[in-house]
Amino acid sequence: MAIQPFSTAALKRLRIDPADVPQHVAVVMDGNGRWAQKRNLPRTEGHLRGEEALFECVEGALELGISWLTVFGFSTENWNRPKSEVQFLINFNRETIRKRRDELHERNVRIEFIGREDWRMPKRLLRDMDEARELTKNNGAMTFTVAFNYGGRAELVDAFKAMSADHLTPKQITEKKITHYLYGKNIPDPDLIIRTSGEQRLSNFLLWQSAYSEFLFLDTLWPDFTRSTLYEAVAEYQIRSRRFGAL
Ligand code: IPE
Ligand code: MG
């Protein structure tokens, strides 16, 4: 079932200006492990609860009329975690894609992925990613992008390598051109980047794209994130005044 976006009146009740809803929200979902630790549960339980929070966030974004939602699923640095956790996260992400694909499709959501498709990515996972992308490619309610095996520096390295392979001359190298060589070339820059769990850093997420993003750091641990947290984040975003370096 498609999710109806909120009416103007409903948005106003949430103190959200319908004319200033961020077009693109990106999220660093952090704190799953600590959420579990606090409850004497295995870290994996935190990831499982984090998946529910993620789909709360997706539905909240659809209600608010956000057009692009990007989340950090697995970073190029996450391979350095203990092997059992890496294994868990890979399987878990694959299961999540398979489990949620049809539901997202029914909600008219287009699924995208950004990241490096290298030898460490299991073939099965790549196949499931392609299928999800293909199934949902014509959907128009929102583009939901999962950054998987993603690192902002790796993305720039890959872009520069591709530009070099295409023999671009110095004159041809512009900001616009570099953007064209990034993984998600048609994804607009994020207006708002949210990170949960009290950590205040970017951790190699969307380095190029975040040049003028508003940052919101929340103490909430990711599994406790609900659609109301997203509404509040957007209300907070609207209080900020964005000048893009001008006056
Ligand atoms: C975020 O939670 C999930 C991923 C990075 C995959 P963490 O696993 O980083 O949880 P903490 O930071 O240890 O609490
Ligand atoms: Mg963490």
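All of these numbers come straight from a predicted model, not from anything done at the bench. For the numbers below, each heavy atom of this structure counts, side chains included, while hydrogens, waters and symmetry mates do not. Start at 1 and go down the list; that is how both ligands and their atoms are numbered.
Side chains of Thr179 and Trp208: a donor-acceptor N/O pair is present below 3.5 angstrom, by distance only. A donor atom on one side chain and an acceptor atom on the other are not found under 3.5 Å apart for His24 and Asp189. Counted by atom type alone, Arg116 and Thr76 present zero donor-acceptor pairs between their side chains at under 3.5 Å.
Electrostatic pairing of Glu51 and Arg100 counts as a salt bridge here, judged by a charged N lying under 4.0 Å from a carboxylate O. Ionic pairing of Asp130 and Arg133 is present here: one or more N-O contacts between side-chain nitrogen and carboxylate oxygen are shorter than 4.0 angstrom.
A perpendicular orientation is assigned to the rings of Phe205 and Tyr150, their planes being inclined by more than 60° (bins at 30° and 60°).
Within 6.0 Å of the CD atom in Gln87, the count of heavy atoms belonging to other residues, nucleotides or ligands does not exceed 12. For Gln172, the CD atom sits in a packed shell: over 12 heavy atoms of surrounding residues, nucleotides or ligands are nearer than 6.0 Å.
Minimum interatomic distance between Ala36 and Gly46 (heavy atoms only, all atoms of both residues): CB-N, 3.8 Å.
Screening the protein for N, O or S atoms under 2.8 Å from the Mg ion (ligand 2) yields 1; no waters enter the count.
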Name each N or O atom in ligand 1 that is under 3.5 Å from a protein N or O, and give the partner atom and the distance.
unit_1	atom_1	unit_2	atom_2	d
ligand 1	2 (O)	Gly31	N	3.4
ligand 1	2 (O)	Asn32	N	3.2
ligand 1	8 (O)	Arg43	NH2	2.9
ligand 1	8 (O)	Arg81	NH1	2.8
ligand 1	9 (O)	Asp30	OD1	3.0
ligand 1	9 (O)	Arg81	NH2	2.9
ligand 1	10 (O)	Asn32	N	3.1
ligand 1	10 (O)	Gly33	N	2.9
ligand 1	12 (O)	Asp30	OD1	2.9
ligand 1	12 (O)	Arg34	NH2	2.8
ligand 1	13 (O)	Arg43	NH1	3.0
ligand 1	13 (O)	Arg43	NH2	3.2
ligand 1	14 (O)	Gly33	N	3.3
ligand 1	14 (O)	Arg34	N	2.7
ligand 1	14 (O)	Arg34	NE	2.8

